[in-house]
Amino acid sequence: MSLLKLIGVLLDYPHEELWQHGQELLQASEDPALSPARRTQLRRFVQELLDSDPLDAQDRWLSTFDRGRAMSLLVFEHIHGESRDRGQAMVDLIDAYRRNGFELDARELPDYLPLLLEYLSHRPEAEARDWLQHIGHIAGMLAARAAERGLPHALLLEILVEAGQGKVNLAVLRQRASEEVRDDSPEVMDRLWEEEAVRFGTDAPAQDCAPPHRSPARRVQPETQP
C-alpha cells in the first residue's frame, strides 16, 4: 500500500473492514519515504485507531469532519464554495479520472480528499506531487485547524503537505486557525441551516481558506476502489 493510499484510508470514514487490515496498515506506516520521526508518529496513529472501538472511532470521525465547513474533506469546498465554478471543476476532475481508468460510484463526489488520494496513488510520482502542491494550502489549513482542535488527524494532513514539497507555512496557518471562530457548534450549525433556507449564496471562499458561510457538510462515503 502506497503512502498516499494509506493517508486516504486513514482520513476516510472508518468502516469496520478497516480493522480487518490492521497489519497491512501498520506495515504501510513504515514507508521509507517518511522520516523516522514521522514513521513513529504514523504507526502510533494507526495503532491507536486499531485499538479503539469501531463505533467510537466512527463517532469521532463524524464529530471531526461532518460538522461545519472548516474541516470538510471536499477539496472544492475550500476553493469554490457554492459558486458555479465548482460544478465545472467537478466535471473536469471526473473527466480526468475516467481518462485514466478510474471510475466513480454514483454516490461519490470527485473532490472527496480520500478518493483523490486513492486516485493519485496510482498516478506517476511527478503528477501526484503536482496535485499535492496545488492543494497544499488546503491540506495545510486543515492540518492547522486539526492541530488547533487537538485532533490526531493533523499528522495525516501535515504529511500530505510535506509530500507535496510545497512552500506552505504551517506556522502561519496555525496562527490563522487559532484566530478563527469555530463553525462546528450546534448553535452555529443551526444558524447556518436557517440562513441557507432563505438565502442561497454563490460567493467562493477567500484565498486564506476561511470556511464558506453555508450549511454543514453532508458526508459522502465513497467505496474503496479496486
Side-chain angles (χ1 to χ4, degrees), residues 5-19 25 45-46 48-50 52-83 86-87 89-90 93 104-119 135 137-160 173 177 180-197 200-201 204-205 209-225:
K5 183 171 183 177
L6 174 64
I7 298 302
V9 168
L10 297 177
L11 281 174
D12 197 6
Y13 179 81
H15 297 281
E16 291 189 10
E17 306 90 83
L18 181 144
W19 279 262
L25 296 176
F45 178 99
V46 173
E48 290 178 354
L49 176 59
L50 296 174
S52 65
D53 179 83
L55 290 178
D56 290 340
Q58 291 164 0
D59 183 66
R60 285 194 298 271
W61 189 96
L62 292 170
S63 297
T64 298
F65 298 113
D66 201 41
R67 293 183 181 174
R69 288 298 195 188
M71 290 300 299
S72 174
L73 293 179
L74 298 174
V75 174
F76 293 156
E77 290 280 354
H78 304 283
I79 300 174
H80 301 298
E82 293 282 2
S83 74
R86 186 181 181 190
M90 291 277 203
L93 185 52
L104 274 64
D105 184 276
R107 294 171 294 172
E108 297 170 343
L109 291 180
D111 62 334
Y112 182 58
L113 183 56
L115 176 63
L116 177 60
L117 294 176
E118 165 73 10
Y119 167 72
I135 66 170
H137 194 278
I138 295 169
M141 199 66 224
L142 289 172
R145 289 169 180 153
E148 176 66 18
R149 301 179 187 194
L151 301 172
H153 299 85
L155 169 67
L156 307 178
L157 295 157
E158 289 173 4
I159 289 175
L160 285 185
L173 296 183
E180 288 182 341
V181 176
R182 290 182 58 159
D183 68 345
D184 59 342
S185 69
E187 296 78 14
V188 171
M189 293 172 69
D190 287 344
R191 185 171 69 250
L192 289 173
W193 275 110
E194 291 172 0
E195 291 173 353
E196 284 296 311
F200 298 89
C209 285
H213 300 290
R214 308 190 317 291
S215 56
R218 284 290 182 263
R219 179 171 55 82
V220 175
Q221 296 181 16
E223 297 176 354
T224 302
Q225 298 290 328

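Note that CG of Leu49 is 6.5 Å distant from CG of Leu10, once rounded to the nearest 0.5 Å. Going from atom CD1 of Ile135 over to atom NE2 of His78 covers 10.5 Å, rounded to the nearest 0.5 Å. Interatomic distance, Leu115 CG to Leu11 CG, rounded to the nearest 0.5 Å: 12.5 Å. Residue Leu142 holds its CG atom at 9.5 Å from CG of Leu160, rounded to the nearest 0.5 Å. Asp66 contributes atom CG, which lies 9.5 Å from atom OH of Tyr13 (distance to the nearest 0.5 angstrom). Remark: Met71 CE to Arg145 CZ distance equals 8.0 Å, nearest 0.5 Å.
With a 4.5 Å cut-off on side-chain heavy atoms, Leu18 and Leu25 count as touching. Residues Met90 and Asp111 have side chains in contact (heavy-atom distance under 4.5 Å, counting atoms from C-beta outward). Looking at Val9 and Pro114, their side chains never come closer than 4.5 Å, going by heavy atoms from C-beta outward. Inter-residue side-chain proximity for Ser52 and Arg60 is flagged as met; some heavy-atom pair is nearer than 4.5 Å.
Although no hydrogens or angles enter the test, the distance criterion places no donor-acceptor pair under 3.5 Å between the side chain of Arg67 and the main chain of Leu62. A donor-acceptor pair under 3.5 Å links the side-chain atoms of Gln58 to the main chain of Pro14, judged by distance alone.
Residues Asp12 and Tyr112 bring a donor and an acceptor atom of their side chains to less than 3.5 Å of each other.
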Q. How far apart are the C-alpha atoms of Phe76 and Leu109, what are their side-chain angles, what is the distance that settles it, and do they pass the side chain to side chain contact (heavy atoms under 4.5 Å, CB included) test?
A. CA-CA 10 Å; Phe76 293 156; Leu109 291 180; over 6 Å; no
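Of the candidates Leu157, Ile138, Leu156, Leu113 forms a side-chain contact (heavy atoms from CB on, under 4.5 Å) with just one, namely Leu157.
Aromatic ring orientation, Phe65 versus Trp61: tilted (interplanar angle from 30° to 60°).
Residues satisfying the ring-ring contact (aromatic ring centres under 6.0 Å, His included) test with Phe45, not counting sequence neighbours, are His153. Partners of Ala154 according to the side-chain contact (heavy atoms from CB on, under 4.5 Å) rule, which considers only residues two or more places apart in sequence or in another chain, are Ala146, Ala147, Glu158.
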